[in-house]
Amino acid sequence: MPAITLPDGSTRQYDEPVTVAAVAASIGAGLAKAALAGRVDGELVDTSYVIARDARLEIVTDKDSAALEIIRHSTAHLLAQAVQSLFPDAQVTIGPVIEDGFYYDFAYKRPFTPEDVAAIETRMRELAAANLPVARRELPRDEAVALFRSMGEHYKAEIIASIPSNEPISLYGQGEWFDLCRGPHVPATGKLKSFKLMKVAGAYWRGDSRNEMLQRIYGTAWLHDKDLKDYLHRLEEAEKRDHRRIGRELDLFHFQEEAPGAVFWHPKGWRVFQTLIGYMRDRQAAAGYDEVNAPEIMESSLWQQSGHLEKFGENMFLTKTPDERTFAIKPMNCPGHVQIFKQGIRSYRDLPVRFAEFGKVHRYEPSGALHGLMRVRAFTQDDAHVFITEEQITAESVRMIELLLSIYRDFGFDDVQVKFADRPPLRVGSDEIWERSEQALKAAAEAAGVQCAYNPGEGAFYGPKLEFHLRDAIGRTWQCGTLQVDLNMPGRLGAYYIDEHSQKKTPVMLHRAIFGSLERFLGILLEHYAGRLPPWLAPTQAVVMGITDRQHDYVAAVTEMLKNQGVRATSDLRNEKLGFKIREHTLQRVPYLLVAGDKEVAANLLSVRTLSGKDLGTLTVTAFVSRLQADVERRGRTVLEE
RNA sequence: GCCGGCUUAGCUCAGUUGGUAGAGCACCUGAUUUGUAAUCAGGGGGUCGCGGGUUCGAUCCCUGCAGCCGGCACCA
C-alpha cells in the first residue's frame with residue numbers, strides 16, 4: 001500500500017502499486033498530460049515506472065531541470081528510429097546528450113548525404129506525429145547481447161557485452177523499434193516537437209582513430225519551439241563574432257593557400273598583437289622574469305637529446321642545409337632556455353631563474369586541425385621556463401597561478417576552466433619521477449585555491465600540467481594558459497646548479513604560458529569582445545573627423561597632438577557626410593569618434609562620441625586624453641557598454 | 001590524418017540542362033561642403049582554386065591535387 005509524498009508535503013495513499021503516470025492522473029488531467037518522467041526518492045524514472053513502496057515523488061514536467069536532457073535523449077532515439085526505418089541495414093551505436101542537443105553514431109555502408117539527413121528529419125516528424133508510446137523492458141545481459149547480435153547489431157552487442165553480467169539491461173521501444181538504454185525517456189514520441197538535425201560528420205568508433213569511421217548525425221532539441229528559434233538565432237549571432245570574419249572585416253590579418261596555418265598580420269592586427277606583447281612584457285618584468293631570445297632553428301641532435309624528435313617528431317618541421325646537416329625549426333622553446341641556463345655556473349642562491357620569451361614556434365599540425373587563429377602551425381608563445389629546486393615547486397607554482405589569473409582578469413575573463421592533466425602514454429622519465437611531479441603540481445593548485453577538472457593522460461611528454469581553458473563565441477573551449485612541472489628535461493639536457501653542499505644538482509623546470517599562443521588568445525579576444533576591443537587594445541583608439549573642409553587644419557592639428565601623446569589616432573578628412581563617416585568607423589569598432597565642426601573649432605574643443613553611440617559632450621584634447629588614459633588603466637575589466 | 005561539404009570580382013552571393021559570366025557592397029572619377037550609422041551620377045574590375053581527361057567547345061561533366069568549412073582524431 002504505497003504512501004506517496006509529493007513535493008508540497010502532502011501524502012496520498014494507494015491501494016496497490018501505481019505508476020508515476022497514474023499518480024499524475026490522480027492529481028489532475030493537466031499534470032498527467034504534462035508529465036515527461038518522474039523522480040522517485042530522487043531518482044529519475046519513466047512515467048510508466050511502478051511505485052510499490054512508500055516514496056517521495058516529483059512529477060517531471062517541462063518546468064523541471066531534468067526535462068531538457070530527457071527530451072534530448074528521447075529525440076536521439078527518435079533519430080535512430082528514423083534512420084533505421086529509412087536505412088534498415090544501418091547499425092546503431094551510441095547516441096548521447098550533449099550541450100544544446102544530442103548526436104547519434106551509425107555504422108552504414110556509405111556516408112549519409114545532406115538529402116538523406118533532410119529525409120531522416122522528415123521521418124522523425126512523422127514518427128513524432130504518430131505519438132508512439134515508449135515502453136521499457138528489461139533483459140538479462142547475455143540475452144540482450146544475443147538479441148542484438150541476432151539482429152546484426154554488432155556494435156550494440158559489443159557495448160552491452162562490456163556491461164557487468166549481473167546487471168539487467170533495459171531496452172526502450174517505440175513502435176517496432178527498440179534500443180538499449182538506461183533511460184528515462186518521455187512517455188510517447190508526441191512529446192518531441194522542437195528539434196532540428198544540424199549536421200553530419202564522420203566520427204571514429206569508440207573515439208579511436210585506428211577504428212572504423214561511423215556516421216554521426218548531430219541534432220538540437222528543446223522544450224519549446226521558441227527555445228529552438230532562440231538557439232538558432234544565437235548561432236547566427238555567434239557567427240557574426242567569428243574571429244575569422246572579424247579579422248577580415250577589420251583588416252587585421254589574413255591566411256593564404258601557400259602558408260596553411262600561418263598568419264599574415266596586417267598593420268592593425270599587428271598593432272593589437274604588439275600591444276598584447278607590451279602588456280605581458282610589463283607584467284612579467286614585475287613578476288621577476290628576464291626576457292631572453294633563443295634560435296628558431298637548431299641542429300636536430302639537440303632535439304634528439306631533449307626527446308622531442310622521438311616523442312614530438314611527427315609535429316616538427318625539419319630542414320636539411322646545403323652542407324647536409326639536419327636542423328629543426330623549434331616547436332617549443334624549452335631546450336633553448338635550458339641552453340641559456342647552462343651557460344656558466346648557477347648557484348642555488350640564483351634560483352629561481354625565470355626566463356621568458358615571446359618565442360615563435362612551428363608545429364606541423366594535422367591539416368584537419370587548422371582553425372583560423374585558434375589552431376595554426378606557426379605561433380608565438382608567451383613562454384617562460386623557471387628553474388628551481390624541488391622544494392620551491394609549490395610556492396613558485398602558486399605565484400604563477402596568481403599571476404595568470406590576475407592577467408586573465410585584466411581581459412574580463414573571470415571564469416576560467418582549469419584542468420589537471422597527468423602522465424600521457426607517450427612520455428619520458430620514470431614513474432617515480434612522474435609521481436613526484438604530479439603530487440607537487442596538485443599541491444600547488446590546491447594551495448592557490450583553484451578548482452580543477454581532471455584530464456587524464458593529457459600531460460606533456462615530460463611532465464604533468466595545469467591547463468587554463470577559455471571559451472570561443474560558440475562555446476568551444478581552447479586551452480590558452482598552461483603550467484607544467486618538469487623533472488625530466490633539465491637532466492636530459494645536462495642542466496645543473498650547485499647546492500649548499502657544493503654538490504651538482506639537477507634543477508626542476510616549470511614551463512608556463514599565459515596567453516598560450518598570442519594568435520589564439522587574440523582570436524579568443526576578438527570573439528569575446530565581438531571585435532569591440534576595449535580602448536587599451538583597439539588598433540585605432542580614436543578617429544578625428546571634420547564636417548566640412550573648413551575644419552581640415554584643425555582636425556589635422558588635433559590628430560597630431562593626440563599621436564604625440566601616445567594615442568592611436570587617425571583623421572578622416574574625406575569629403576563625406578558626417579553620418580557616413582560615423583557609420584564606417586563604428587563598423588570598424590573604433591572606441592572614440594571625435595567630431596570637429598565650426599563650433600568646436602571656435603571653442604578649441606572636440607565633440608566626443610563612443611562606439612556604442614553615447615554622446616560624451618564636448619571635451620578639450622587634454623580632457624579626452626585623460627579619459628582615454630583612465631580606460632587604458634582599467635583595461636578589459638570594465639563591463640562593456642552594449 | 002579521417003568522413004562529408006565547399007571553392008565564380010576585394011567581400012557576400014546569383015548564374016550557365018556544356019557555347020568563356022552577373023548583382024549588391026567595396027574601389028576609381030565627377031558633382032555635392034554636408035552636425036553623429038549609408039548623398040547622387042558615371043566608370044573600371046573575373047584565364048569561374050590548380051593540373052589532367054572527355055568534348056567541335058569545359059566555369060559547368062569525370063579525375064587528381066590544394067585550400068577552406070563542419071565534425072572526428074590530434075593540440076597552445
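The structure displayed is predicted, hence computed values, not measured ones. Order of the sequence lines sets the chain letters (A, B, ...), proteins ahead of strands, with each chain counted from 1.
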(message) Quick check: A:Phe87 with A:Phe112 (ring centres under 6.0 Å apart)?
(response) yes

(message) Does A:Phe379 reach a base, just sugar-phosphate, or nothing at all? Heavy atoms under 4.0 Å.
(response) base

(message) Between the side chains of A:Glu458 and A:Lys419, is the shortest nitrogen-to-carboxylate-oxygen separation below 4.0 Å, so that they form an ion pair?
(response) no

(request) Please work out if A:Gln479 contacts a base, only the sugar-phosphate, or nothing of the nucleic acid, heavy-atom cut-off 4.0 Å. (result) sugar-phosphate

(request) Verify the contact: side-chain N or O of A:Arg375 to OP1 or OP2 of B:C74, cut-off strictly under 4.0 Å; return yes or no. (result) no

(message) Could you tell me how far apart A:Asp251 (CG) and B:A26 (C1') are, to the nearest whole angstrom?
(response) 13 Å

(request) Give A:Leu593 one of three labels, base, sugar-phosphate or nothing, depending on what nucleic acid heavy atoms sit under 4.0 Å from its own. (result) nothing

(message) On the nucleotide B:U36, are OP1 or OP2 found under 4.0 Å from the side-chain N or O atoms that A:His585 carries?
(response) no

(request) Please confirm whether the backbone N or O of A:Trp205 pairs with a side-chain atom of A:Tyr155, one donor and one acceptor, at under 3.5 Å? (result) no

(request) Please state how far atom CD in A:Glu576 lies from atom P in B:G30, giving the value in whole angstrom units. (result) 13 Å

(message) Whether A:Arg206 contacts B:A73 is assessed here as follows: a side-chain N or O lying under 4.0 Å from the phosphate OP1 or OP2. Is that the case?
(response) no

(message) OP1 or OP2 of B:G70 versus the side-chain N and O atoms of A:Arg244: is any pair under 4.0 Å?
(response) yes

(message) Expressed as a whole number of angstroms, how long is the span from A:Leu578:CG to B:G35:P?
(response) 8 Å

(request) Please work out if A:Ala201 contacts a base, only the sugar-phosphate, or nothing of the nucleic acid, heavy-atom cut-off 4.0 Å. (result) base

(request) Could you check how far CG of A:Leu250 sits from C1' of B:G10, rounded to whole Å? (result) 16 Å

(message) Nearest whole Å is fine: how far is B:U36 C1' from A:Leu606 CG?
(response) 14 Å

(request) Could you check A:Asp549 against A:Phe468 and say which one's nearest nucleotide on RNA chain B is further toward the 5' end? (result) A:Asp549

(request) Check the distance between B:C3's C1' and A:Lys109's NZ and give it to me in whole angstrom. (result) 18 Å

(request) Identify whether any heavy atom of A:Lys599 sits under 4.0 Å from a base atom; if not, whether one sits that close to sugar-phosphate; answer base, sugar-phosphate or nothing. (result) base

(request) Considering just the side-chain nitrogens and oxygens of A:Lys577, establish if one lies under 4.0 Å of OP1 or OP2 belonging to B:U36. (result) no

(request) Give a yes or no on whether a salt bridge exists between A:Glu402 and A:Arg399, defined as a side-chain N under 4.0 angstrom from a carboxylate O. (result) no

(request) Would you say whether A:Trp478 stacks on B:A76? The test is a distance between ring centres of less than 5.5 Å and an angle between planes of less than 30°. (result) no

(message) Salt bridge or not between A:Arg206 and A:Asp208? Use side-chain N to carboxylate O under 4.0 Å.
(response) no

(request) Measure from NZ or CZ of A:Arg520 to the centre of the six-membered ring of A:Phe515, then state whether that distance is under 6.0 Å and the direction lies within 45° of the axis. (result) no

(request) Return the 5'-most residue of the pair A:Arg363, A:Gly579 with respect to RNA chain B, ranking by each residue's nearest nucleotide. (result) A:Gly579

(request) For A:Gly207, answer base if it contacts any base atom (sugar-phosphate contacts may also be present), sugar-phosphate if it contacts only those atoms, and nothing otherwise; contact means non-hydrogen atoms under 4.0 Å. (result) sugar-phosphate

(message) Is it the case that the base of B:U36 and the side chain of A:Thr586 share a donor-acceptor contact (distance under 3.5 Å, atom types as modelled)?
(response) no

(message) Within the 4.0 Å heavy-atom criterion, would you say A:Arg609 contacts the bases, only the backbone, or no part of the nucleic acid?
(response) base

(message) Once you apply a heavy-atom cut-off of 4.0 Å, does A:Glu584 come out as touching a base, just sugar-phosphate, or nothing?
(response) nothing

(message) So A:Asp208, base contact, sugar-phosphate only, or nothing? Heavy-atom distance under 4.0 Å.
(response) nothing

(request) Please evaluate the base of B:G35 for a donor-acceptor partner in the side chain of A:Glu600 within a cut-off of under 3.5 Å? (result) yes

(request) Would you mind classifying the nucleic acid contact of A:Ser607 as base, sugar-phosphate or nothing, using non-hydrogen atoms under 4.0 angstrom? (result) base

(message) At 4.0 Å (heavy atoms only), tell me whether A:Val361 reaches a base, stays on the sugar-phosphate, or touches nothing.
(response) nothing

(message) Applying a 4.0 Å non-hydrogen cut-off, can you work out what A:Ala369 is touching in the nucleic acid: base, sugar-phosphate, or nothing?
(response) base

(request) To the nearest Å, give me how far apart CZ (A:Arg583) and C1' (B:U39) are. (result) 14 Å

(message) Could you check whether A:Lys330 pairs with A:Asp383 (Lys NZ or Arg NE/NH1/NH2 to Asp/Glu carboxylate O, under 4.0 Å)?
(response) no

(message) Once hydrogens and angles are ignored, does a donor-acceptor distance under 3.5 Å link the base of B:G1 to the side chain of A:Tyr204?
(response) yes

